[in-house]
Amino acid sequence: MEKTVVIIGAGIAGLSAGCYARMNGYKTTIVEMHDKPGGLCTAWTRKGYTFDGCIHWLIGSRPGNDPMRQGWEELGAVQGKMMIDHDVFMVIEDKDGKCFTVFENADLLEKEMMRIAPKDAKAIKGFIEDIKKISEMPSGPPERKPGDKTPGFFESAAGFIGFMPLLLKFIQYGAMDIKRLVKRFKDPFLSFAIAQIFGGMEEFSSLGLMFTLGNMHKRNAAYPIGGSLEFIRPIEERFKGLGGEIMYNSPVENIITGDGMATGVLLKNGTVVKADTVVSAADGHATIYTMLEGKYRDKSIDSIYSTFKRFPSIVQVSMGVVMDLAGEPQSINFPLAKPISAGKLTDDRMSLRVYSFDKTFAPQGCTALTTYLGGDYEYWTNLKAVDKKKYEEEKKRIGSEVVDAVDKKYPGFKERVQVVDVATPATYVEYTGNWMGSFEGWLLTPGIMLKKIPRTLPGLKNFHMIGQWVAPGGGLPTGLMTGKDVIKTLCKEDGKEFRAEKP
Ligand SMILES: Cc1cc2nc3c(=O)[nH]c(=O)nc-3n(C[C@H](O)[C@H](O)[C@H](O)COP(=O)(O)OP(=O)(O)OC[C@H]3O[C@@H](n4cnc5c(N)ncnc54)[C@H](O)[C@@H]3O)c2cc1C
């Protein structure tokens, strides 16, 4: 008889685990609280416009033998999918109108950096050489063998041992945050602009930045036309086609345990779904401290959840405008004449994403745009809980301040805006359950890179965790990898050879 697996969450991690579970003969049910798949990897439509909540770049987009690409093909996610490799990743402006264009091609990027800061020639040359070296790395660690222990920094680095001396670069950049990296450049604008590529998150490990630029250089970080939800749909179809079952509108209240084993889940509507194995692909904090009531944890787990830094929450403002913005860079980062504040946070710059490159997002002659502002979690969630009317008014105010700012960039914008949509940290919590509205799990800092996050819990058998809360840095690739890894582990425990196949 087929063994049974229940997976909590139909985000990328849950769907990936579901597909591999079915490929290996496990009777699999995914229980998802929302009415659609995707979790954070989603999009929504308003008045004929599509607003995207996730994919800027997809690591593993380039056809070839790269492990990530192979994984996406196994999930049926990329076959026949139109992808755009942008020439320009973003344009960063300063208050005097000086511009730095972040080209995806490293040679063009070098020329641009030299134009801005010729005195930094030596540092620029080294930076570009390293981007090219890192671009030779595979886009994911070599496949883990069934049952391999959770990799930490050194195990992951050792996975690249065949790529010496890239391994040294992996260690060098892994241990350096972006703040230290940009100090290499004496030119203040260049130094500032490089930090802006990752939204000014200076604590982030510079390996993440170099790895992304390396993948862009080799055309392996494209944007899939149709956006995030259209990227997820074929994976959902693949899971169902393999015989998997998804239960939507099914929030999990508790993970059922007995005799130190997980035996199923209890849904909020009272339904019990029994299984031989429970896999949580949902928020890590809620899994450990709510669904399992904090019964299966130790000091190291408490320390992770009390000391590790998270990606913050955000406010996403999305706009649909009757304006053809073709030819504009896909992303522009510029200073605001009037800073925008909400709660304790103030933004004095804006990163505006102009979706004219995806014609599926807006009617002809129109354009969808999005931007993110800092999201004060306490402020927005309290406001929503105590004063829904004020919460809605605040959303409106933020939306109109953003429109005013964009109007300065594109005169006439304000009169032609047809729709403004504002998602707050409270929205992220409501729709994805992510802790404190975090948009990508654990921030990949040099300190966190050296630590291991367990994927099982002390004293609890037949239970596993996957997704962005067990793989610092988050992102779609970690969903794919951790989802695949857990099924390899189950196969090993059951004495089966792990199988992966393409549709
Ligand atoms: C603005 C933004 C831009 C991004 N850009 C990129 C990018 O360019 N490239 C990239 O690779 N990544 C990007 N990411 C990150 C990426 O979206 C996430 O890291 C990834 O989607 C996380 O997947 P996950 O499956 O681990 O978690 P989630 O997507 O959070 O999925 C968890 C699922 O569990 C469900 N769930 C939670 N609690 C329960 C419960 N009690 N019962 C039932 N179901 C439950 C949720 O509804 C959700 O569907 C971006 C994210 C954001 C927000």
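Order of listing sets the numbers, starting from 1, for every ligand and every atom in it.
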| query | Does Tyr428 reach ligand 1 with a nitrogen or oxygen that is under 3.5 Å from one of the ligand's nitrogen or oxygen atoms? | reply | no
| Are any of the N/O atoms in Pro251 less than 3.5 Å from those in ligand 1? | no
| query | Does ligand 1 have an atom under 4.0 Å from some heavy atom of Ala286? | reply | no
| Test of ring centre spacing under 6.0 Å for Phe439 and Tyr372 | no
| request: Verify, without hydrogens or angle tests, whether Asp347 (side chain) and Gly374 (backbone) share a donor-acceptor contact under 3.5 angstrom. | output: yes
| query | Around Tyr431, counting heavy atoms of other residues, nucleotides and ligands shown, do more than 12 lie under 6.0 Å from its OH? | reply | no
| task | Using distance alone, decide if ligand 1 has a nitrogen or oxygen within less than 3.5 Å of any nitrogen or oxygen in Leu40. | result | yes
| task | Give a yes/no verdict on whether any heavy atom in Gly38 is under 4.0 Å from an atom of ligand 1. | result | yes
| How close does the nearest protein non-hydrogen atom get to atom 11 (O) of ligand 1, and which residue and atom is it? | Leu476 N, 2.9 Å
| request: Output the list of atoms in ligand 1 that are nearer than 4.0 Å to some heavy atom of Gly467, sorted by atom number. | output: 26 (O)
| request: Identify the protein heavy atom lying closest to atom 23 (O) of ligand 1, giving its residue, its atom name and the separation to 0.1 Å. | output: Ile12 CG2, 3.4 Å
| task | For His56, counting its heavy atoms only, list the atoms of ligand 1 lying under 4.0 Å from any of them. | result | 3 (C), 5 (N), 7 (C), 8 (O)
| field | atom 43 (C) of ligand 1: the protein heavy-atom neighbour that sits closest, reported with distance to 0.1 Å | value | Met33 N, 3.3 Å
| Going by an N to O cut-off under 4.0 Å, is there a salt bridge joining Arg455 and Asp485? | yes
| field | Residue, atom name and distance, where the atom is the protein heavy atom closest to atom 22 (C) of ligand 1 | value | Gln468 OE1, 3.3 Å
| query | What protein heavy atom is closest to atom 35 (C) of ligand 1, reported as residue, atom name and distance in Å? | reply | Glu32 OE1, 3.3 Å
| Does a salt bridge link Lys409 with Glu328, judged by any charged N lying under 4.0 Å from a carboxylate O? | no
| said: Other residues, nucleotides and ligands only: do more than 12 of their heavy atoms fall within 6.0 Å of NZ on Lys309? | reply: no
| said: Just so I know, are the side chains of Tyr223 and Tyr355 near enough to count as touching, which here means a heavy-atom distance under 4.5 Å? | reply: yes
| said: Is Pro477 close enough to touch ligand 1? Criterion: a residue heavy atom under 4.0 Å from a ligand atom. | reply: yes
| request: Please work out whether the ring planes of His86 and Phe357 are parallel, tilted or perpendicular, with thresholds of 30° and 60°. | output: perpendicular
| said: What protein heavy atom lies closest to atom 9 (N) of ligand 1? Include the residue and the distance to one decimal. | reply: Trp57 O, 3.0 Å
| Looking only at heavy atoms of Lys268, does any of them come nearer than 4.0 Å to an atom of ligand 1? | no
| said: Assess, by modelled atom type and distance only, whether the side chains of Thr424 and Tyr391 contain a donor and an acceptor separated by less than 3.5 Å. | reply: yes
| said: Just to confirm my output: which protein heavy-atom neighbour is closest to atom 51 (C) of ligand 1, and how far is it? | reply: Phe439 O, 3.5 Å
| If you measure from atom 17 (O) of ligand 1 to every heavy atom of Gly483, Gly433, Cys54, Gly53, which option wins on shortest distance? | Cys54
| message | I'd like to check whether Tyr372 has a polar contact with ligand 1, where a contact means an N/O of the residue lying under 3.5 Å from an N/O of the ligand. | response | no
| task | Please confirm whether Tyr377 and Tyr379 have ring centers closer than 6.0 angstrom. | result | no
| request: Using a strict cut-off of less than 4.0 Å between a Lys/Arg side-chain nitrogen and an Asp/Glu carboxylate oxygen, indicate whether Glu230 and Arg233 qualify as a salt bridge. | output: no
| message | Between ligand 1 and Ser250, can you find any atom pair, the residue atom being a heavy atom, that is separated by under 4.0 Å? | response | yes
| field | Ring-ring centroid check Trp435 Phe311, cutoff 6.0 Å | value | no
| note | Quick note on ligand 1: atoms under 4.0 Å from a heavy atom of Glu440 include exactly 14 (N), 15 (C), 19 (O), 50 (C)
| message | Please check whether Gly475 reaches ligand 1 - meaning an N/O of the residue sits under 3.5 Å from an N/O of the ligand, judged on distance alone. | response | yes
| Considering only heavy atoms, does Pro37 approach ligand 1 within less than 4.0 Å through its side chain, its backbone, both, or neither? | neither
| field | Polar side chain donor-acceptor pair, Tyr296 to Thr257, under 3.5 angstrom | value | yes
| Which heavy atom of the protein is the closest neighbour of atom 30 (O) of ligand 1, given with residue, atom name and distance? | Asn434 ND2, 2.8 Å
| Using heavy atoms and a threshold below 4.0 Å, how should the contact between Ile466 and ligand 1 be classified: side chain, backbone, both, or neither? | neither
| query | Short list, please: which atoms of ligand 1 are under 4.0 Å from a heavy atom of Met291? | reply | 41 (N)
| field | Asp276 and Lys3 ion-paired at < 4.0 Å | value | no
| task | Using the salt bridge (charged side-chain N to carboxylate O under 4.0 Å, His left out) rule, collect all pairs that involve residues 204-227, keeping only residues at least two apart or in two chains. | result | Asp87-Arg219, Glu104-Arg219
| task | Looking only at distances, please establish whether an N/O atom of ligand 1 is found under 3.5 Å from an N/O atom of Val252. | result | yes
| task | Could you tell me if any non-hydrogen atom of Tyr431 lies under 4.0 Å from any atom of ligand 1? | result | yes
